[in-house]
Amino acid sequence: MRIVLLGPPGAGKGTQAALLAKRAGLAHVATGDLFRANLERGTELGKQAKGYMDRGALVPDDVTTRMVLERFKESDAADGFVLDGFPRTIPQAEALDAALAAAGQAVDHALLIEVGREELVRRLAGRWICRACQTPYHDHSAPPAKPGVCDACGGELYQRDDDRPEVVGARLDTYEKQTAPLAGYYERAGKLARIDGLGGIEDVAEKLGRAIGGPAAVAAAHVTVE
Ligand code: AP5
């Protein structure tokens, strides 16, 4: 199964993609995480991406698409994936469709997580991320058992540079201009489901699971759709 998760910054894409990928046995491919991992390693790609990320703009399509297609070559993506943060523009969506079609594949579901701006700002202001495994936490809605320490791997928690209020505004504007039109793109293809992103993390996970065919479809995702 090949799933695209859409939604504005802070909607819960990373949180839900990690859960869905784990439960369905799919690879979790997150472009933001890939850029940040490159930045940590000091690669050219990371340095190039940083300038765009720090001002809430998108990294150019060709650079981003190349990185994702390279990631698809890793063995864990062979049975399918949950894409988190990609595509983010119409040209990226078209490049993804073309690459999958060349392999006789296609996106099965595009799930748009909808959350209002006020709640997005609240979520991003209270977010903490694990430096080692990228698990997101929140001061109020998803606190770690021990402050500053990841429950999953014991890694150090930090706040992202682009979660500063002045960058969050720019990211939300970039989303409206460049990424929101993807809803129409996938709606025309008959693949879009809109998910209300308010409610607890498990409530939202259940809505996403229903949109792709229910718990049985989640459990069987990586064996039924080849
Ligand atoms: P990226 O890392 O993808 O950031 P984003 O899309 O802005 O999304 P976020 O990671 O901020 O939010 P999320 O929706 O994953 O929410 P989360 O689950 O963490 O991209 C960063 C940058 O990289 C971009 O700005 C761009 O520069 C570049 N980039 C990336 N992809 C690109 C592309 N394709 N093309 C070009 N450039 C690209 O949740 C947020 C918080 O809310 C957390 O604290 C979480 O614990 C909490 N939370 C989650 N669910 C709930 C809930 N149901 N109730 C309450 N709180 C919740």
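Count residues from 1 along the sequence. Both counts, for ligands and for their atoms, begin at 1 and track the order of listing.
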Do me a favour and list the nearest non-hydrogen protein atom to [atom] with residue, atom name and distance?
atom: atom 16 (O) of ligand 1; value: Gly12 N, 3.2 Å
atom: atom 24 (C) of ligand 1; value: Arg88 NH2, 3.9 Å
atom: atom 48 (N) of ligand 1; value: Arg123 CD, 4.1 Å
atom: atom 9 (P) of ligand 1; value: Arg127 NH1, 3.2 Å
atom: atom 8 (O) of ligand 1; value: Lys13 NZ, 3.2 Å
atom: atom 18 (O) of ligand 1; value: Thr15 OG1, 2.6 Å
atom: atom 37 (N) of ligand 1; value: Val59 N, 3.0 Å
atom: atom 44 (O) of ligand 1; value: Tyr137 O, 2.7 Å

Is the closest basic N to carboxylate O distance between [X] and [Y] below 4.0 Å?
X: Arg171; Y: Glu166; answer: no
X: Glu40; Y: Arg36; answer: no
X: Asp76; Y: Arg71; answer: yes
X: Lys146; Y: Glu156; answer: no

For [X], atoms of ligand 1 separated by under 4.0 Å from a heavy atom:
X: Leu124; answer: 11 (O)
X: Ala57; answer: 26 (C), 27 (O)
X: Thr64; answer: 33 (C), 34 (N), 35 (N), 36 (C)
X: Gln92; answer: 33 (C), 34 (N), 35 (N), 36 (C)
X: Gly14; answer: 13 (P), 15 (O), 18 (O)
X: Gly85; answer: 31 (N), 32 (C), 33 (C), 34 (N)
X: Pro136; answer: 19 (O)

> Any idea which of Arg55, Arg36, Gln159, Met53 brings a heavy atom closest to atom 23 (O) of ligand 1?
Replying inline: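 Checking each option, the heavy atom nearest atom 23 (O) of ligand 1 is found in Met53.
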> Who gets closest to atom 1 (P) of ligand 1 by heavy atom: Arg160, His138, Arg171?
Replying inline: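 It is Arg160 that holds the nearest heavy atom.
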> Which pair of heavy atoms, one from Lys13 and one from Gly7, lies closest together, and at what distance?
Replying inline: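 Residues Lys13 and Gly7, closest heavy atoms: NZ-O, 3.1 Å.
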>> Can you give me the closest heavy-atom contact between Cys130 and Gly155, atom names plus distance?
In response: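 Of all heavy-atom pairs spanning Cys130 and Gly155, the closest is SG-CA, 3.9 Å.
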Evaluate [X] for polar contact with ligand 1, using N/O atom pairs at a separation under 3.5 Å.
X: Gln16; answer: no
X: Ser141; answer: yes
X: Asp84; answer: no
X: Asp33; answer: no
X: Phe35; answer: no
X: Thr31; answer: yes
X: Asp162; answer: no
X: Trp128; answer: no
X: Gly10; answer: yes
X: Ala11; answer: yes

>> Quick one, Leu112 with Tyr186, criterion side-chain contact (heavy atoms from CB on, under 4.5 Å). Give me CA distance, side-chain angles, the key distance, then yes/no.
In response: CA-CA 10 Å; Leu112 170 59; Tyr186 285 111; over 6 Å; no
ILVMFWY cluster, [X] and [Y] together (side-chain gap under 4.5 Å):
X: Val68; Y: Phe81; answer: yes
X: Leu83; Y: Tyr185; answer: yes
X: Leu172; Y: Val59; answer: no
X: Leu34; Y: Leu69; answer: yes

> With a 4.0 Å cut-off on heavy atoms, does Pro8 reach ligand 1?
Replying inline: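 Yes, that is the case, since the closest heavy atom of the residue is under 4.0 Å from the ligand.
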> Does ligand 1 have an atom under 4.0 Å from some heavy atom of Gly199?
Replying inline: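 Yes; Gly199 lies near enough to ligand 1 that a heavy-atom distance drops under 4.0 Å.
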> Step by step, would you call Glu176 with Arg117 a salt bridge (Lys or Arg N to Asp or Glu O under 4.0 Å)?
Replying inline: CA-CA 11 Å; Glu176 285 306 326; Arg117 193 163 175 128; 5.9 Å; no
> Can you check salt bridge (Lys or Arg N to Asp or Glu O under 4.0 Å) on Arg123 and Glu119, steps first, answer last?
Replying inline: CA-CA 6 Å; Arg123 288 188 186 181; Glu119 170 68 5; 2.9 Å; yes
> Using heavy atoms and a threshold below 4.0 Å, how should the contact between Thr89 and ligand 1 be classified: side chain, backbone, both, or neither?
Replying inline: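 The answer is neither.
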Taking side chain as C-beta onward, heavy atoms only, is [X] less than 4.5 Å from [Y]?
X: Met1; Y: Ile212; answer: yes
X: Cys150; Y: Cys133; answer: yes
X: Gln48; Y: Val63; answer: yes

> Should Glu70 and Arg66 be marked as a salt bridge (Lys or Arg N to Asp or Glu O under 4.0 Å) after you check the CA-CA gap, both sets of side-chain angles, and the distance that decides it?
Replying inline: CA-CA 6 Å; Glu70 271 305 306; Arg66 211 175 316 126; over 6 Å; no
